[in-house]
Amino acid sequence: MDIIRFAVCVLATALAVSGSPAEPRMVLGPVDHRLRISGGSEAGPGDFPYQVALFADDKFLGSGVIISLSTVLTAAQCVDGVQGTVQVRAGIVKLDDKAAQTRDVAPEGRIVHPNFDANFLDNDIAILKLPYPFEKSDTIMPIDLLKYSQIGEALSGKSEVSGWGRTEDSTATDADVSNVLQLAELNIVSNTQCMSDYGAEMIGTKLCATGTSGTSTCMGDVGGPVTQSSGRGVSLRVSLVGLVSTSGKFGCGQGHPVVFTRVSAFYDFIEQNSEFLTNLQLFRRRNKRQNRT
């Protein structure tokens, strides 16, 4: 599928680059939720059971990621300022699939990070608390998060992104998002490699990735999952590492890096604002028990 110009609601933040020179920060400009995967391929039923589509008044907003059957993560820019309810549609590959499980999330069920900056897209993450859980199935299930021990790791290597955004820059209207979920492979690189394009924007809660042969995220992909896999067969583990945030001032498939929100940088925010037990909570509880003995 075509690389998304602006990542749809995906979390992926990178570690801060120590000792990097202070540079003026570029304002990313108005958010365009029409981004979609460029240079990718179509997903099949059940390939991304943790991915959901977000709508308001039947208008597509972007994607979200199921981390528990009652909790969805998305990019703050997808839901910030939206009036009324946001409809979450799960278990679908096509946006117009009538068989979707749907949940309507009222404003009080949406928690945008308090330090979200719409200009620089810092802290681009939000939590949707569903009024009642999804029913688990082959096409609807939560994704794993990175383990607590991996929070401080400088992530690198292959990752997979998915979204319903545009498949090329030339697409002109909101209606031209991809009806079929698209997927693509990107390579997570150090923030240092992105400094020449983004400068001081590459702070420690963001991740940077590049694609090959015009592969990238695009408008409409925002809020979608960025994942990495480990193991194989029955031991295969797919973990959420980021959320699609933006490709900034550059178009889709132009060879420039794209930027994600790093989910593990926001475990405290997730813990404090949802019922989801993260690996961070489990780690803390284990330490408390050990300290009592």
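Just so you know, these numbers use all the heavy atoms, side chains as well, and skip hydrogens, waters and symmetry mates. Since the model is a prediction, treat every value here as computed from it, not as a measurement.
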Heavy atoms, side chains only, cut-off 4.5 Å: are [X] and [Y] in contact?
| X | Y | answer |
| --- | --- | --- |
| Y50 | V238 | yes |
| N115 | D122 | no |
| Y267 | L145 | yes |
| I143 | F48 | no |
| L146 | V263 | no |
| L73 | F266 | no |
| W164 | Q51 | yes |
| F269 | P114 | yes |

Could you pull out the closest heavy-atom pair between [X] and [Y], with the gap in Å?
| X | Y | value |
| --- | --- | --- |
| Q101 | I140 | NE2-CD1, 3.2 Å |
| L54 | G64 | CG-N, 4.3 Å |
| L155 | I188 | O-CG2, 3.4 Å |
| C208 | P257 | SG-CB, 3.3 Å |
| S162 | P225 | OG-CG, 3.5 Å |
| A56 | V82 | CB-CG1, 3.8 Å |

Is the backbone N or O of [Y] less than 3.5 Å from a side-chain atom of [X], with the two atoms forming a donor-acceptor pair by type?
| X | Y | result |
| --- | --- | --- |
| D80 | A76 | no |
| R89 | F55 | no |
| S245 | V259 | no |
| S70 | L130 | no |
| Q77 | F116 | no |
| D104 | T85 | no |
| S274 | I270 | yes |
| D57 | K59 | no |
| Q228 | K158 | yes |
| R103 | P133 | yes |

Nearest-0.5 Å distance, [atom1] of residue [X] to [atom2] of residue [Y]:
| X | Y | atom1 | atom2 | answer |
| --- | --- | --- | --- | --- |
| N191 | L207 | CG | CG | 7.0 Å |
| K94 | E42 | NZ | CD | 8.0 Å |
| T71 | N273 | OG1 | CG | 10.5 Å |
| E185 | S159 | CD | OG | 7.5 Å |
| S68 | K136 | OG | NZ | 11.5 Å |
| T227 | D144 | OG1 | CG | 11.0 Å |

Give the intermediate values and the outcome of side-chain contact (heavy atoms from CB on, under 4.5 Å) for residues D117 and N123. CA-CA 7 Å; D117 187 319; N123 305 302; 5.8 Å; no
From D97, L95, V93, residue fulfilling side-chain contact (heavy atoms from CB on, under 4.5 Å) relative to V180: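 The side-chain contact (heavy atoms from CB on, under 4.5 Å) with V180 is passed solely by V93 among D97, L95, V93.
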Are there over 12 heavy-atom neighbours, none belonging to D138, within less than 6.0 Å of that residue's CG?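 No - once you tally the heavy atoms of other residues, nucleotides and ligands closer than 6.0 Å, there are 12 at most.
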Heavy-atom count around D47 CG within 6.0 Å, excluding the residue itself: above 12?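 Enclosed.
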Same cluster or not: are L181 and M141 linked, directly or through other Ile, Leu, Val, Met, Phe, Trp or Tyr residues, by side-chain heavy atoms under 4.5 angstrom apart?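 Each belongs to a different hydrophobic cluster.
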